[in-house]
Number of protein chains: 2
Amino acid sequence: MFLSKFEHPIDSKGRVSLPGAFRAALGGEEHVFCWMSFDGPFLEGGGARFLEKLSASIEGFDLYDDARIAFAQAIFGAARQLSLDSTGRLGLPKDFSDHAAIDKTALFVGLGDRFQVWAPDAYAQREREARAFAAANKNKLQVAGAKP
Amino acid sequence: MFLSKFEHPIDSKGRVSLPGAFRAALGGEEHVFCWMSFDGPFLEGGGARFLEKLSASIEGFDLYDDARIAFAQAIFGAARQLSLDSTGRLGLPKDFSDHAAIDKTALFVGLGDRFQVWAPDAYAQREREARAFAAANKNKLQVAGAKP
DNA sequence: ATGGTTGATGGGATAACATGGGATAAGTTG
DNA sequence: CAACTTATCCCATGTTATCCCATCAACCAT
């Protein structure tokens, strides 16, 4: 699973290292899937398993359901399959770093089944909000399998 | 699966490159199926698998159900099987590019099981709507198999 | 304190993809 | 049946994404 956060520079070729722990979480895959989030100025990413999970959810809608098409466009239409070189770097598309306002360094944040990529300053603010939300809503963290 | 979006020019012979990633997603097929969408000014396309999925859905209606006939006319009646040359180009029928208001370049958008082809400007607008919808409805993306 | 391993950063080479063209075969029309 | 048109097929080339190699730094074990 994708854990922790790591900050890495982007080199002159637009490459950035995927954290070694994330490579381990990918389980040998040599690509990551990555896209500009529809939910804010950051990137979302994951391996084939997470894409399968998204695909299964989207395929729960009927073939021409407006929601299905919109989600497919916002996620699959925006996603890129980025190859990892032998040392675990990926080329970050310029429009991706623009969307997340990433300039010189990228912050990788593991979220378990997926990860996000942020500009470090933007994430600092977001992290404060997430911690405040978690503190206010900790009772919503249920035991797995419990009925809601 | 069909991922990402790619913009390609249409040459003087009316040919356009199918993105290399879409050729990979077709799994060796040397034709794509493509038709003017009944749902807006864009084209829909896919491989044999997607045609099978559509066929299975349409065959859920009775043989002379008006819905079945209408869907079959709107999709199968409009579809063309377009061959790919050795470098992955297809000839875009003029009525197809007219329907989608495609002038000089075509934008291919992968939606997982299928793809769409748009005029780039038209898709820019559509994409904003899709992202706004996805952001407003992200709670509808459920874990597959969960009860709604 | 030292050596080994792993992760990260520097660089360069290659092949896949995309774009240019032309030839041929099949279909249509007169 | 011949001429014309067009769809299909094939070849060549440039760009860049992808792949590969080398080196360095940090961490861990002895």
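Naming: A, B, ... by sequence-line order, numbering from 1 per chain.
In the helix from dA1(C)-dT30(D) to dG30(C)-dC1(D), the end axes, each obtained as the rotation axis mapping the C1' atoms of four pairs onto the next four within a five-pair block, lie 40° apart to the nearest 10 degrees.
No continuous path of hydrophobic side-chain contacts links L111(B) to L63(A) [ILVMFWY only; heavy atoms under 4.5 Å].
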Open item on the list: Would K5(A) and Y123(A) count as a side-chain contact (heavy atoms from CB on, under 4.5 Å) here? Give the steps.
Closed with: CA-CA 10 Å; K5(A) 55 186 184 211; Y123(A) 185 70; 4.0 Å; yes
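The salt bridge (charged side-chain N to carboxylate O under 4.0 Å, His left out) check on D85(B) picks up R89(B), with sequence neighbours excluded. Taking R131(A) as the reference, nothing meets the side chain to side chain donor-acceptor pair (under 3.5 Å) condition, with sequence neighbours excluded. By the salt bridge (charged side-chain N to carboxylate O under 4.0 Å, His left out) test, D11(A) pairs with R15(A), sequence neighbours left out. Take K104(A) and apply the salt bridge (charged side-chain N to carboxylate O under 4.0 Å, His left out) test, not counting sequence neighbours, and it matches no residue.
Contacts classified as salt bridge (Lys or Arg N to Asp or Glu O under 4.0 Å) and involving residues 27-48 of chain A (residues at least two apart or in different chains) are given here: D39(A)-K138(B). The salt bridge (Lys or Arg N to Asp or Glu O under 4.0 Å) pairs that include a residue from residues 71-80 of chain B number zero, where partners must be two or more places apart or lie in different chains. For residues 48-58 of chain B, the pairs satisfying salt bridge (Lys or Arg N to Asp or Glu O under 4.0 Å) are K53(B)-D113(B), with sequence neighbours left out.
Side chain K13(A) to base dG12(C): a donor-acceptor pair is found below 3.5 Å.
Taking atom CG on L82(B) and atom C1' on dA7(D), their separation rounds to 11 Å, with Å as the unit. Computed from coordinates, the K94(B) NZ to dA7(D) C1' distance equals 17 Å when rounded to whole Å. Here the C1' atom of nucleotide dT18(D) and the CG atom of L90(A) are 12 Å apart, to the nearest Å.
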Scan nucleotides 25-29 of chain C against the protein and return all N/O pairs shorter than 3.5 Å with their distances rounded to 0.1 Å.
none

Distances for protein N or O near nucleotides 14-17 of chain D N or O, under 3.5 Å:
none

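Cation-pi geometry between R126(B) and F133(B) is not satisfied (NZ or CZ under 6.0 Å from the ring centre, within 45° of the ring normal).
At a cut-off of 3.5 Å, with distance as the only test, a side-chain donor of Q73(A) or Q116(B) sits close to an acceptor on the other residue. Side-chain atoms of S57(A) and Q142(B) include no donor-acceptor pair closer than 3.5 Å.
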- [ ] Any chance you could list the contact pattern along nucleotides 15-20 of chain C? Use B for base contacts, S for sugar-phosphate-only contacts and - for none, protein heavy atoms under 4.0 Å, 5' to 3'.
- [x] ---SBB
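Under a 4.5 Å side-chain heavy-atom criterion applied to ILVMFWY residues, the cluster that includes F108(B) comprises F2(B), F6(B), I10(B), V16(B), L18(B), F22(B), L26(B), V32(B), M36(B), L43(B), L82(B), L84(B), L90(B), L92(B), F96(B), I102(B), F115(B), V117(B) as well.
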